[in-house]
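Source: prediction; values computed, not measured.
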Amino acid sequence: VSLGEASSQSDLLRGQICDLETNIERIEREHRDRLTSLEDTFAGKEAELKSVSGLLESQLDDVRREAGILKRKFEERKSICLELESEVCCLRKEVEMNERVVEEKQQLERDLVTVQDELESARVTLTAQASELGQSHAKMISLDEQVEVGNRREGEGIYDC
């Protein structure tokens, strides 16, 4: 190989090395640019994620508060239901007692009708007996008068023969 050729090859190699260095620098710049872009995108996504995370935490707090309110309302309504069940039980007992009282009243009304019928029958019987007694008393008075008249005549010496 001649010196000229070696020098030419050396120049060619230097040119290729220079081209390679330029390509390497260009590739490094592109990679740095891409890396910067990716870092910016990552930072934006991270900020967006933090924002969404904060929003979700706030919504979760709201949901927890609402759940607490709903739980209290549920407990209050459950308590009211238990009170109402107790009242219904008491009312059922009262209804049963009232039904028994109504049955007893109806029985007493039937007994009253029976007693009134018996009293009416006794009144009719007593009226008939009083009438008979009045007739007997009238006969007795009539007999007493006859006896008295007879006694007076006897005292006067008048005899019916």
Side-chain angles (χ1 to χ4, degrees), residues 1-140:
V1 175
S2 72
L3 188 62
E5 257 182 49
S7 176
S8 173
Q9 283 184 350
S10 173
D11 287 342
L12 184 65
L13 285 175
R14 274 192 202 116
Q16 287 178 343
I17 289 173
C18 191
D19 287 344
L20 284 174
E21 285 176 351
T22 303
N23 281 341
I24 289 172
E25 287 174 6
R26 182 184 53 80
I27 290 171
E28 284 178 346
R29 260 193 323 273
E30 288 174 0
H31 282 287
R32 270 194 307 272
D33 290 347
R34 281 185 62 201
L35 183 61
T36 302
S37 174
L38 287 173
E39 286 173 346
D40 290 346
T41 302
F42 177 78
K45 294 292 181 184
E46 187 177 36
E48 187 180 324
L49 187 61
K50 284 181 182 177
S51 173
V52 168
S53 176
L55 180 62
L56 288 175
E57 284 180 18
S58 174
Q59 289 176 345
L60 181 60
D61 288 343
D62 291 345
V63 167
R64 285 182 179 142
R65 270 192 300 281
E66 187 67 26
I69 291 168
L70 290 174
K71 184 177 180 181
R72 280 192 301 279
K73 285 182 180 181
F74 172 78
E75 292 299 327
E76 289 171 0
R77 289 183 178 151
K78 182 179 174 183
S79 175
I80 290 170
C81 284
L82 291 173
E83 289 175 18
L84 289 174
E85 284 178 2
S86 176
E87 286 183 35
V88 165
C89 184
C90 290
L91 289 174
R92 281 187 181 134
K93 287 179 182 177
E94 283 185 38
V95 165
E96 289 172 3
M97 281 180 27
N98 287 341
E99 287 173 348
R100 284 194 295 272
V101 166
V102 166
E103 288 173 7
E104 289 174 6
K105 181 183 175 226
Q106 289 172 343
Q107 183 58 46
L108 287 173
E109 288 172 346
R110 287 190 295 270
D111 291 348
L112 177 63
V113 168
T114 300
V115 167
Q116 286 174 335
D117 289 347
E118 290 173 357
L119 282 174
E120 180 61 24
S121 176
R123 187 190 64 74
V124 168
T125 302
L126 286 175
T127 301
Q129 288 176 348
S131 176
E132 289 176 15
L133 184 60
Q135 290 173 358
S136 296
H137 185 62
K139 285 182 185 177
M140 190 172 83

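Evaluation of the salt bridge (charged side-chain N to carboxylate O under 4.0 Å, His left out) test over residues 110-120, restricted to residues two or more places apart or in two chains, returns Glu120-Arg123. Sorted by first and then second residue, the side chain to side chain donor-acceptor pair (under 3.5 Å) pairs with a member in residues 40-52 form an empty list; sequence neighbours excluded. The list of salt bridge (charged side-chain N to carboxylate O under 4.0 Å, His left out) pairs with a residue in residues 83-107, not counting sequence neighbours, reads Lys105-Glu109. Pairs passing the salt bridge (charged side-chain N to carboxylate O under 4.0 Å, His left out) check and including a residue from residues 11-22, sequence neighbours excluded, read Asp11-Arg14.
Taking CD of Glu30 as the start and CZ of Arg32 as the end, the distance is 10.5 Å to the nearest 0.5 Å. Taking CD1 of Ile17 as the start and CG of Asn23 as the end, the distance is 13.0 Å to the nearest 0.5 Å.
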Trace of the side chain to side chain contact (heavy atoms under 4.5 Å, CB included) decision for Leu60 with Leu56: CA-CA 6 Å; Leu60 181 60; Leu56 288 175; over 6 Å; no
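The main-chain N or O of Cys18 is found under 3.5 Å from a side-chain atom of Thr22 such that the two form a donor-acceptor pair. Side-chain atoms of Ser8 do not come within 3.5 Å of backbone N or O of Gly4 as any donor-acceptor pair.
Asp33 meets the salt bridge (charged side-chain N to carboxylate O under 4.0 Å, His left out) test with no other residue; sequence neighbours excluded.
For Arg34, the CZ atom is loosely surrounded, since the number of other residues' heavy atoms within 6.0 Å does not exceed 12.
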Acceptor/donor pairs from residues 66-78 side chains to any protein atom, 3.5 angstrom cut, sequence neighbours excluded:
none

